[in-house]
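For reference, positions follow the sequence shown, starting with 1.
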Amino acid sequence: MKHPFHLKATWNGGRNSEGHIDAGGLKTVISIPQEMGGPGTGTNPDEMLLGAASTCYLITLAAMLERSDITPDELTLESEATVDVTNNVFTYEWITHRPRIVLKADASDADVTKAERLAHKAEESCMISRAVAGNVAIETQPVIITAGVNAV
């Protein structure tokens, strides 16, 4: 089964102008980020790729935990990306995901081990990670905590 997705975009002017995108649930202003000499209004391709990779990873991890009968008390994620600009060539180099999984106080050592394994496996299973494989390095640094106990 194939699932089509559509996006409509407009751009008003030259390099340092802004545009708009509409992709169903995503409607926003776009421009080049200030760090790269643009106006920095709205979002930009760098943030959107990080957002796609992060949300795909987080949803995949949540589904894998659920299928493994692990219901975390809390599941959060911080992600970071590095873009290199050398000789005016932009290269999206690296994404690091830092999921924080807080398990229930009665979680077993096996649950902690399984949650950590799934935190890494989710990256390999994520559609966006597979789409950028070979072009962008992706690293996962999970923190697994049992409620009331220190991090693993």
Stepwise side-chain contact (heavy atoms from CB on, under 4.5 Å) check, Ile138 with Val132
CA-CA 9 Å; Ile138 301 179; Val132 301; 3.8 Å; yes

Close side-chain approach of His97 and Ser54, heavy atoms under 4.5 Å:
yes

Would Ser31 and Asn44 satisfy side-chain contact (heavy atoms from CB on, under 4.5 Å), going step by step from the backbone distance to the final call?
CA-CA 6 Å; Ser31 74; Asn44 57 70; 5.9 Å; no

Locate the shortest heavy-atom distance separating Ile101 from Ala119; write the atom from each residue and the value.
CD1-CB, 4.3 Å

Mind listing the closest non-hydrogen atom pair of Met64 and Ala122 along with its distance?
SD-CA, 3.4 Å

Arg100: which residues meet the side chain to side chain donor-acceptor pair (under 3.5 Å) condition with it, sequence neighbours left out?
Glu74

Would you please name every residue forming a side-chain contact (heavy atoms from CB on, under 4.5 Å) with Ala9, sequence neighbours left out?
Leu7, Ile21

Does any non-hydrogen side-chain atom of Pro72 lie less than 4.5 Å from one of Leu65?
yes

Is there side-chain contact between Ile144 and Leu103, with heavy atoms separated by less than 4.5 Å?
yes

Might you confirm whether atom CD of Glu93 has over 12 heavy atoms from other residues, nucleotides or ligands at distances under 6.0 Å?
yes

Do Ile70 and Lys104 have side-chain heavy atoms sitting under 4.5 Å apart?
no

Can you tell if the side chain of Thr146 reaches within under 4.5 Å of the side chain of Val112, non-hydrogen atoms only?
yes

Exceeds 12 heavy-atom contacts within 6.0 angstrom, atom CG of Asp84:
yes

Heavy-atom check, side chain of Pro99 versus side chain of Tyr57, under 4.5 Å
yes

Yes or no on side-chain contact (heavy atoms from CB on, under 4.5 Å) for Leu50 and Tyr92, after CA distance, side-chain angles and deciding distance?
CA-CA 10 Å; Leu50 179 60; Tyr92 212 104; 3.4 Å; yes

Heavy-atom nearest pair, Cys56 first then Met127, reads SG-N, 3.3 Å

Which pairs count as salt bridge (Lys or Arg N to Asp or Glu O under 4.0 Å) when at least one residue sits in residues 26-50, sequence neighbours excluded?
Asp22-Lys27

Using side-chain hydrogen bond (donor to acceptor under 3.5 Å, both in side chains), reason through Thr140 and His120 one step at a time and then give a plain yes or no.
CA-CA 6 Å; Thr140 303; His120 290 287; 4.8 Å; no

Electrostatic pair Arg130-Glu124, nearest N-O below 4.0 angstrom:
no

For side-chain contact (heavy atoms from CB on, under 4.5 Å), just list the numbers for Glu139 and Ile95, CA-CA rounded to whole Å, side-chain angles, deciding distance to a tenth of an Å, and then say yes or no.
CA-CA 6 Å; Glu139 178 183 27; Ile95 294 173; over 6 Å; no

Any side-chain heavy-atom pair from Leu61 and Leu75 closer than 4.5 angstrom?
yes

Looking at every heavy atom in both Met36 and Arg15, which two are closest together, and how far apart are they?
O-NH2, 2.8 Å

